[in-house]
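Protein chains get the first letters and strands the later ones, always in sequence-line order, with residue 1 at the start of each. Model, not experiment: these values are computed from the prediction.
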Protein chains: 2
Amino acid sequence: MQGDPLRRFKADIFQALAHPTRIAILEFLGKGELSAGALMEKLGMEQANVSQHLAVLRAKRIVANRKAGNQVFYSVQDPIIGEVLSLMRTYCRARLKETLGMLGETRKAVRVR
Amino acid sequence: MQGDPLRRFKADIFQALAHPTRIAILEFLGKGELSAGALMEKLGMEQANVSQHLAVLRAKRIVANRKAGNQVFYSVQDPIIGEVLSLMRTYCRARLKETLGMLGETRKAVRVR
DNA sequence: TTATTACATGCGAATATTCGAATGTTACAA
DNA sequence: TTGTAACATTCGAATATTCGCATGTAATAA
């Protein structure tokens, strides 16, 4: 039961999505293909670190990479991943609003993207 | 950018979903409320282990628990979680089929729930 | 050829997850 | 009160993630 291959596979994908940086990468890529360097800039993080996170996403085949001369362009393989992230955003925004609301209605202008 | 609260929150929820046992628990609970003991039976796992995974899901408020005398009944808090799992199942089935297909069309009758 | 740009990978320390085994706790029955 | 059933929690060892830092590689420019 625990060794169910499909559930293992799902868990692996969820695991790959379970990091703020990788979520940010996928959100940026959702708007279109980007080079590793462009991602690095947008994220404001070390090159090696971004590359490592991209390696995680590549290993699970969540992103595709295309070499063009000097650069490597990344894109999201399957649009379903975008839908998963979108659903999760809806879910988390509701929960966050709820939690923040609980600790006082006076707490206004809490910006949640 | 990396410290974005919403992305951290999303990552935390994905992390909670990133285990085959917890996915199984949520799939069972998707069909209706179940006691911890009933889950233990359906999963065929140790009581303590199931309880630990339930604790992870509780900590993230993904499941709700209701005490009724001797037992504790669990249920999924928000139906969106079910939708996320459903989307992920669709995604993973497609990927698994594709991957298995790649290593020989002769491999038939590979049952993927 | 040498240098530089754009990425990727290897290594090690810090941190987090997971499981089994033992122990707690709570509700109820005897 | 004593016992038992149903869960929860704690502890420790094994394993996995993550980050910074250093190094490696492939394409192109000088």
Side-chain angles (χ1 to χ4, degrees), chain A residues 1-4 7-26 28-29 33-76, chain B residues 1-4 7-26 28-29 33-76:
Chain A
M1 189 61 70
Q2 204 241 108
D4 184 311
R7 281 183 189 135
R8 278 199 178 286
F9 200 117
K10 288 185 215 167
D12 278 352
I13 302 299
F14 279 131
Q15 174 60 38
L17 300 181
H19 195 285
T21 299
R22 293 196 291 270
I23 291 176
I25 288 174
L26 291 171
F28 282 127
L29 292 183
E33 194 184 54
L34 282 174
S35 71
L39 276 170
M40 187 192 102
E41 251 192 44
K42 282 176 179 288
L43 293 166
M45 296 176 58
E46 292 296 317
Q47 180 268 324
N49 200 344
V50 174
S51 195
Q52 283 174 335
H53 284 296
L54 284 171
V56 172
L57 294 172
R58 244 186 303 125
K60 301 291 165 55
R61 298 179 179 279
I62 295 172
V63 298
N65 56 326
R66 174 177 70 83
K67 287 171 79 170
N70 220 4
Q71 311 174 261
V72 179
F73 288 89
Y74 283 89
S75 56
V76 183
Chain B
M1 190 61 69
Q2 204 242 109
D4 185 311
R7 281 182 187 135
R8 278 199 180 286
F9 200 117
K10 288 184 215 168
D12 278 352
I13 302 300
F14 279 131
Q15 174 60 38
L17 301 180
H19 195 285
T21 299
R22 293 196 291 268
I23 291 176
I25 287 174
L26 291 172
F28 282 127
L29 292 183
E33 194 184 55
L34 282 174
S35 71
L39 275 170
M40 187 193 104
E41 252 193 42
K42 281 175 180 288
L43 293 166
M45 295 175 58
E46 292 297 317
Q47 180 268 324
N49 199 346
V50 174
S51 195
Q52 283 176 336
H53 284 297
L54 284 171
V56 172
L57 295 173
R58 245 186 304 126
K60 302 293 165 54
R61 299 180 178 276
I62 294 172
V63 298
N65 55 328
R66 173 177 72 83
K67 287 171 79 169
N70 222 1
Q71 313 174 259
V72 179
F73 287 90
Y74 282 89
S75 57
V76 183

Spacing between [X] atom [atom1] and [N] atom [atom2], to the nearest angstrom:
| X | N | atom1 | atom2 | result |
| --- | --- | --- | --- | --- |
| Leu54(B) | dC19(C) | CG | C1' | 15 Å |
| Phe14(B) | dT17(D) | CZ | C1' | 18 Å |
| Asn65(B) | dA6(D) | CG | P | 18 Å |
| Leu43(A) | dA6(C) | CG | P | 17 Å |
| Leu17(B) | dT18(C) | CG | C1' | 17 Å |
| Ile25(A) | dC7(C) | CD1 | P | 13 Å |
| Leu39(A) | dC7(C) | CG | P | 9 Å |
| His19(B) | dT17(D) | NE2 | P | 11 Å |

(message) Taking the minimum atom-to-atom distance to the side chain of Gln71(B), which one of dC7(D), dA8(D), dT9(C) wins?
(response)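 Nearest to the side chain of Gln71(B) among the choices is dC7(D).
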(request) Just compare dT17(C), dC19(C), dC7(C) and give me whichever is closest to any side-chain atom of Ala36(A). (result)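 The nucleotide sitting nearest to the side chain is dC7(C).
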Might you point out which heavy atoms bring [X] and [Y] nearest each other, and give the distance in Å?
| X | Y | value |
| --- | --- | --- |
| Thr21(A) | His53(A) | CG2-CD2, 3.6 Å |
| Met45(A) | Met40(A) | O-CG, 3.2 Å |
| Leu57(A) | Ala16(A) | CD2-O, 4.1 Å |
| Pro20(A) | Arg7(B) | O-CD, 3.9 Å |

(message) Base, sugar-phosphate or nothing for Phe73(B)? Non-hydrogen atoms, less than 4.0 Å.
(response)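 Since no nucleic acid heavy atom lies under 4.0 Å of Phe73(B), the category is nothing.
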(message) Arg58(A): which residues meet the salt bridge (Lys or Arg N to Asp or Glu O under 4.0 Å) condition with it, sequence neighbours left out?
(response)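 Expected list: none.
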(request) Would you tell me if any nitrogen or oxygen in the side chain of Tyr74(B) comes within less than 4.0 Å of OP1 or OP2 on dA8(D)? (result)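 For dA8(D), OP1/OP2 do have a side-chain N/O of Tyr74(B) under 4.0 Å.
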(message) OP1 or OP2 of dT9(D) versus the side-chain N and O atoms of Arg58(B): is any pair under 4.0 Å?
(response)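 Yes, such a contact exists.
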(message) Once rounded to the nearest 0.5 Å, what's the spacing between atom CD1 of Ile13(A) and atom CD1 of Ile62(A)?
(response)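 Reported to 0.5 Å precision, the distance equals 4.5 Å.
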(request) Starting at the 5' end of nucleotides 20-30 of chain D, put B wherever the base has a protein heavy atom under 4.0 Å, S where only the sugar-phosphate does, and a dash everywhere else. (result) BBB----BS--
(request) For a side-chain contact (heavy atoms from CB on, under 4.5 Å) with Tyr74(B), tell me which candidate from Leu26(B), Leu34(B), Leu54(B) qualifies. (result)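 Considering Leu26(B), Leu34(B), Leu54(B), a side-chain contact (heavy atoms from CB on, under 4.5 Å) with Tyr74(B) is found only for Leu54(B).
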